[in-house]
Amino acid sequence: MLINPHGKSTCDVACCTRIEGVSVSIGHQVVLDNINLHMHCGETTAIIGPNGAGKSTLIKAILGEIPHAGAIRFTNRENRIPVSPIIGYVPQMPRFDAQYPATVLDLFVACTSNHPVWLPCTKKLRSEVIQCLRAVNMEEQIDRRVGVLSGGELQRVLLALALRPRPNLLLLDEPSSGIDVRGIEQYYRTVEDVKEHGDLSVILVSHDPDLIRRYADRVVLICRKVVKSGTPDEVLDSPEYRALLG
């Protein structure tokens with residue numbers, strides 16, 4: 001899924017994300033309280049915390065899906081020039097009924113083109129979809145129904161969608177849920193490969209400390225507020241982490 005909630009895209013620039021005094025309340029409940037973060041260009045920042053800590057809420061605020069106090073700004077590498085990034089987004093595992101008739105090709109056509117899904121797909125569009133799926137080794141699944149894909153297969157299809165066109169900022173909200181160990185390795189190798197070949201920033205929500213140590217550059221521990229921020233070792237070995245997550 002590709003989203004640009006903040007205006008015209010600028011697809012060929014590096015993107016830093018600055019979160020300044022962001023607070024979110026739902027009714028009388030404060031979900032996020034005065035969050036201040038700087039996600040650097042070209043880095044993977046992992047957002048961790050207990051259930052209900054506000055991790056997914058922060059992702060939705062970055063996407064512009066929920067109202068919030070404070071500011072979320074996107075700038076170039078020097079933090080001077082504002083940019084309006086293309087944002088790729090992979091949500092938590094969606095659920096499709098096994099009898100859902102749409103194929104992987106149908107899903108791509110519906111999300112990435114103006115071509116009506118009830119009309120035969122053109123050869124050119126089908127070729128473009130195959131190219132996207134090849135990046136995540138899913139091109140052979142183009143005609144399978146979405147509802148019969150395994151969790152790992154579906155997440156890779158969603159990743160391929162999020163990478164078309166190439167985003168400046170990629171948001172991954174617990175993308176490894178439902179994926180086996182081999183699938184997780186392939187998934188994050190794909191993300192790393194894309195990041196290395198473009199100035200891509202990644203914000204990852206995850207509960208997996210081993211995965212975070214391997215793939216994250218920085219880690220932010222939140223529980224309504226920012227509790228701890230630093231390298232993976234600094235955060236995951238901290239008393240704050242042990243107190244919140246054991």
Side-chain angles (χ1 to χ4, degrees), residues 1-6 9-19 22 35 37-49 54-65 72-77 79 83-93 132 135-137 152 155-177 179 183-222 226 229-236:
M1 184 181 303
L2 269 290
I3 298 172
N4 185 349
H6 301 277
S9 66
T10 311
C11 60
D12 293 324
V13 298
C15 175
C16 298
T17 305
R18 301 185 69 88
I19 298 173
V22 167
I35 301 292
L37 292 171
H38 181 188
M39 282 80 158
H40 298 276
C41 298
E43 290 189 351
T44 295
T45 301
I47 307 295
I48 63 172
K55 303 183 296 296
S56 293
T57 300
L58 182 60
I59 293 292
K60 291 177 181 178
I62 294 172
L63 289 170
E65 291 186 351
I72 298 176
R73 300 192 297 116
F74 304 100
T75 64
N76 68 349
R77 186 180 294 278
N79 296 315
V83 299
S84 296
I86 292 176
I87 301 177
Y89 172 49
V90 180
Q92 293 185 40
M93 180 67 72
C132 294
V136 295
N137 295 313
Q155 286 298 85
R156 279 190 280 156
V157 167
L158 294 177
L159 177 61
L161 269 173
L163 295 175
R164 183 181 188 270
R166 180 176 62 83
N168 311 111
L169 175 63
L170 179 62
L171 305 181
L172 305 175
D173 194 353
E174 299 189 38
S176 58
S177 58
I179 307 181
I184 290 174
E185 291 292 324
Q186 187 175 32
Y187 190 94
Y188 281 98
R189 280 201 302 269
T190 301
V191 173
E192 286 294 294
D193 183 63
V194 172
K195 193 175 77 167
E196 288 175 6
H197 288 84
D199 221 338
L200 176 68
S201 300
V202 180
I203 299 177
L204 163 69
V205 173
S206 177
H207 285 103
D208 189 332
D210 292 331
L211 184 150
I212 290 167
R213 286 188 194 273
R214 292 183 62 181
Y215 293 106
D217 299 296
R218 296 179 65 248
V219 180
V220 179
L221 173 62
I222 69 172
V226 175
S229 177
T231 67
D233 288 343
E234 287 172 345
V235 175
L236 297 176

Exercise. Does the side chain of Leu169 come within less than 4.5 Å of Ile203's, by heavy atoms?
Worked result: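 Yes, side chains in contact.
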Problem set entry | Min side-chain heavy-atom separation Leu58-Val205 under 4.5 Å |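 Counting from C-beta outward, Leu58 and Val205 never come under 4.5 Å.
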What distance do [X] atom [atom1] and [Y] atom [atom2] have between them, rounded to the nearest 0.5 Å?
X      : Y      : atom1 : atom2 : result
Ile19  : Ile62  : CD1   : CD1   : 4.0 Å
Gln155 : Ile184 : CD    : CD1   : 10.5 Å
Thr190 : Arg156 : OG1   : CZ    : 7.5 Å
Tyr215 : Leu204 : OH    : CG    : 11.0 Å
Ile59  : Asp173 : CD1   : CG    : 5.5 Å
Thr44  : Leu172 : OG1   : CG    : 8.0 Å

For this session: Step by step, work out the side-chain contact (heavy atoms from CB on, under 4.5 Å) result for Ile222 and Val220.
Result: CA-CA 6 Å; Ile222 69 172; Val220 179; 3.7 Å; yes
Could you tell me which non-hydrogen atom of [X] sits nearest to which non-hydrogen atom of [Y], and how far apart they are?
X      : Y      : answer
Pro175 : Val90  : CB-CG1, 4.5 Å
Cys16  : His38  : CB-NE2, 3.8 Å
Ser206 : Asp208 : OG-N, 3.0 Å
Arg213 : Asp233 : NH1-OD1, 2.6 Å
Asp217 : Pro232 : O-CD, 3.5 Å
Tyr89  : Ala162 : N-CB, 3.7 Å

Exercise. Under the 3.5 angstrom rule, does the side chain of Ser201 hit a backbone N or O of Gly42 as a donor-acceptor pair?
Worked result: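 Yes, Ser201 side chain to Gly42 backbone: donor-acceptor pair under 3.5 Å.
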Exercise. For Leu200, does its backbone N or O pair with a side-chain atom of Arg166 as donor and acceptor, under 3.5 Å?
Worked result: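 Checking the backbone N and O of Leu200 against the side chain of Arg166, no donor-acceptor pair under 3.5 Å is found.
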For this session: Might you work through the side-chain contact (heavy atoms from CB on, under 4.5 Å) test for Leu37 and Thr17, ending with a clear yes or no?
Result: CA-CA 8 Å; Leu37 292 171; Thr17 305; over 6 Å; no
Exercise. Can we say Glu192 and Lys195 salt-bridge, meaning some charged N sits less than 4.0 Å from an Asp/Glu carboxylate O?
Worked result: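 Yes, charged N to carboxylate O under 4.0 Å.
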